[in-house]
Amino acid sequence: RMIFLEMKKGGLVPDVHTFSCLIECFCKVGRSDEACKLYVEMSEVGIRPTRRILSSIIEALSNAGQVDLAVRFFNEMQGDRINPDAYMYSTLIYAFWSADQEGQAWKFFNQMKEHNVSPSVATYNAMIKGLSSLGQTGKAFKVFAEMQEVGVIPDTQSYSCLIDRFIKAGKLVDAWKLYLQMIEKGLQLDVVVYTELINGSLEAQWTDDAKQFLEVKKIGALPNVVTYQSVVEGNVKAGDIIEA
RNA sequence: CGAUGACCACGUC
């Protein structure tokens with residue numbers, strides 16, 4: 001910012017790259033307020049925004065809990081002939097779920113399809129996460145089915161999210177079905193999924209399974225602090241203080 | 001360039 005002021009003082013005129021760079025930096029460090037100010041300044045000197053600038057601002061505002069403002073940028077940018085892409089839609093959809101705006105999430109999810117912007121894995125994952133955190137595992141599973149129908153391959157995160165919710169809902173059979181499906185499809189199981197599976201195993205008192213998921217060499221994923229927290233807590237809850 | 005999954009944190013009351 002200091003250099004920016006200095007260059008203006010020295011008579012140099014900032015161009016779109018100058019603004020882009022600064023706006024992106026402010027967005028990255030969570031200063032969407034500063035980013036917006038620069039956006040206004042940029043518009044005032046007659047520089048049209050780029051897709052990249054808007055993408056940064058929409059994301060920063062979404063993360064700052066200012067989804068409504070993000071939506072305004074999203075709508076207004078179309079006047080500058082910048083069309084939203086799957087990335088921007090995903091960012092907004094995720095933010096809607098975080099802000100408890102289920103209706104908006106669905107609206108934008110449907111809207112993007114109507115406008116022929118194909119939802120990406122992240123878009124579907126945002127929907128799955130949002131629905132499952134509301135306890136709507138049935139709907140989440142429908143979205144999971146839909147993505148496969150349209151040829152978007154679920155990734156580790158898609159499975160992880162559903163497995164976690166099924167376990168928390170006590171639907172261990174469903175969770176394990178997905179676990180087996182991951183193996184079948186050759187998906188990489190990572191520490192997050194294993195930690196979830198350990199939680200499920202311990203809840204069902206399948207101590208041997210839980211131990212098996214900690215076998216580093218066999219499964220190729222290093223347990224982390226969250227994993228061990230689960231192991232300890234799960235065993236305590238199961239009444240096995242020694243094992244814990 | 002950049003978005004999405006477990007615990008915690010954050011946020012709301």
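Between A:E59 and A:S55, the side chains place no donor N or O within less than 3.5 Å of an acceptor N or O (distance only, hydrogens not considered). When only modelled atom types and interatomic distance are considered, A:S132 and A:T137 share no side-chain donor-acceptor pair under 3.5 Å. No donor-acceptor contact under 3.5 angstrom links the side chains of A:S230 and A:T227, judged on distance only.
Relative ring orientation between A:F73 and A:Y39 is described as perpendicular, the plane-to-plane angle rising above 60° on a 0-90° scale split at 30° and 60°.
With B:G5, B:C1, B:A3 as the candidates, the nucleotide lying closest to the side chain of A:S160 is B:G5. When distances run from any side-chain atom of A:E196 to the nucleotides B:A6, B:U4, B:A3, the shortest one goes to B:A6.
Of the possible polar contacts, one joining the A:N235 side chain to the A:V231 backbone as a donor-acceptor pair under 3.5 Å is found. Between the side chain of A:D80 and the backbone N or O of A:I82, no donor-acceptor pair lies under 3.5 Å.
For A:D190 against B:G5, a side-chain N or O and a base N or O form a donor-acceptor pair under 3.5 Å. Side-chain atoms of A:S55 and base atoms of B:G2 include a donor and an acceptor less than 3.5 Å apart. A donor-acceptor contact under 3.5 angstrom links the side-chain atoms of A:N224 to the base of B:A6.
Counting non-hydrogen atoms under 4.0 angstrom, A:T123 reaches nothing in the nucleic acid. Here A:S56 lies out of heavy-atom contact (under 4.0 Å) with every strand. Residue A:S98 is classed as having no contact, given no heavy-atom separation below 4.0 Å to the nucleic acid.
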Polar pairs (N or O, both sides) under 3.5 Å between protein and nucleotides 7-12 of chain B?
unit_1: B:C7; atom_1: OP1; unit_2: A:K168; atom_2: NZ; d: 2.6

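Following rounding to the nearest Å, A:D155 (CG) and B:U4 (C1') show an atom-to-atom distance of 8 Å. One atom, CH2 of A:W97, and another, P of B:G5, lie 14 Å apart when rounded to the nearest Å. Distance, A:Y194 OH to B:G5 C1': 16 Å, rounded to whole Å. In this entry the distance linking CD1 of A:I82 with P of B:G2 reads 19 Å, nearest Å. For A:Y159 and B:U4, the OH to P distance is 21 Å, given to the nearest whole Å. Atom C1' of nucleotide B:U4 and atom CG of A:N63 are separated by 12 Å, given to the nearest angstrom. Protein atom CD of A:E24 is 11 Å distant from nucleotide atom P of B:C1, rounded to whole Å. In this entry the distance linking CD1 of A:I93 with P of B:A3 reads 16 Å, nearest Å.
Dashed line: the shortest gap from a side-chain N or O of A:K129 to OP1 or OP2 of B:G5 is under 4.0 Å.
The aromatic ring of A:Y94 does not sit over the base of B:A3; the criterion of centres under 5.5 Å apart with planes under 30° is not met.
Under the side chain to side chain contact (heavy atoms under 4.5 Å, CB included) test applied with A:F74, the options A:I58, A:L61, A:T91 reduce to a single match, A:I58. Checking each of A:I163, A:L187, A:L178 against A:V193 for a side chain to side chain contact (heavy atoms under 4.5 Å, CB included) leaves exactly one that passes, namely A:I163.
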